[in-house]
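As structure tokens, the structure follows; a few thoughts come after it.
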Amino acid sequence: MRRRRVDARARRGVPRAAVTGIDLDEASIAAARRAAADAGLADRVSFLRQDAAAAAGDYALVTIFEALHDMADPAGVLRTVRGLLAPGGAVLVADERVADEFTAPAGEIERLQYAFSVLHCLPATMAEDPVEAAGTALRAPTVARWAARAGLSCAVLPIEHDFWRFYRLSVLD
């Protein structure tokens with residue numbers, strides 16, 4: 001019962017919002033479609049199984065959550081995203097938080113991020129013949145460099161979190 005009240009409030013909160021989700025994984029897309037249908041949002045929330053670099057549309061906000069570091073051509077994807085933004089639009093990126101420079105010994109959380117990187121993220125990206133592979137150790141200067149290559153500014157948002165760093169990317173004037 002409580003879930004319906006929350007969903008109904010969310011639906012009323014932004015009734016004209018339309019959302020498109022993109023992922024390469026069919027199981028994730030199927031689960032997302034079920035969740036949207038269960039929440040009564042399937043009429044305005046859709047999910048596409050495709051490469052983010054092939055996306056099309058006109059969006060006020062593009063979000064990339066915990067995925068930029070896994071992309072084989074992150075600057076190329078950001079160039080595509082730049083072309084998707086409506087005037088005044090923005091990109092919100094949330095990715096792992098690590099130090100901006102490598103130092104040893106790293107803290108516990110950073111060591112955990114390196115383990116994720118070595119055991120999954122880097123090998124998965126390297127299997128795609130990447131343009132650039134960052135892995136889970138995605139540093140703020142790297143995101144800023146990729147954004148600049150795509151014609152986007154990059155600001156680290158002042159949101160404190162042990163695991164995540166948040167970025168706002170905008171079209172450069």
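Count residues from 1 along the sequence.
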Distance from [X] atom [atom1] to [Y] atom [atom2], nearest 0.5 Å?
X      : Y      : atom1 : atom2 : answer
Thr20  : Phe47  : OG1   : CZ    : 9.0 Å
Trp146 : Leu138 : CH2   : CG    : 5.0 Å
Asp23  : Gln50  : CG    : CD    : 10.5 Å
Tyr114 : Phe102 : OH    : CZ    : 5.0 Å
Ile22  : Ile64  : CD1   : CD1   : 10.0 Å

State, with a plain yes or no, whether a side-chain heavy atom of [X] is found less than 4.5 Å away from one of [Y].
X      : Y      : answer
Val93  : Leu169 : yes
Leu92  : Phe65  : yes
Glu96  : Phe116 : no
Phe163 : Leu112 : yes

Parallel, tilted or perpendicular for His161 and Phe166, by the 30°/60° rule?
->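 The rings of His161 and Phe166 stand perpendicular, inter-plane angle above 60°.
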Any salt bridge (charged side-chain N to carboxylate O under 4.0 Å, His left out) involving residues 136-151? Give me the pairs, sequence neighbours left out, ordered by first then second residue.
->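 As it turns out, the salt bridge (charged side-chain N to carboxylate O under 4.0 Å, His left out) pairs with a partner in residues 136-151, which skip direct neighbours, are Glu110-Arg139, Glu132-Arg145, Glu132-Arg149.
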Return the minimal non-hydrogen interatomic distance between [X] and [Y], and the atom names on each side.
X      : Y      : value
Ala90  : Leu85  : O-CD2, 3.4 Å
Arg97  : Ile159 : NH1-O, 4.0 Å
Ser117 : Pro123 : O-CD, 3.4 Å
Thr136 : Cys121 : OG1-SG, 2.9 Å
Cys154 : Val143 : SG-CG1, 3.9 Å
Gly57  : Leu84  : N-CD2, 3.4 Å

Pairs in or reaching into residues 25-34: which pass side-chain hydrogen bond (donor to acceptor under 3.5 Å, both in side chains), with residues at least two apart or in two chains?
->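 Qualifying pairs: Asp25-Ser28.
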Is the backbone N or O of Asp95 less than 3.5 Å from a side-chain atom of Arg165, with the two atoms forming a donor-acceptor pair by type?
->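 Answer holds: no.
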For Arg82 and Thr80, does a side-chain donor sit closer than 3.5 Å to a side-chain acceptor?
->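 The answer is no; no qualifying pair exists.
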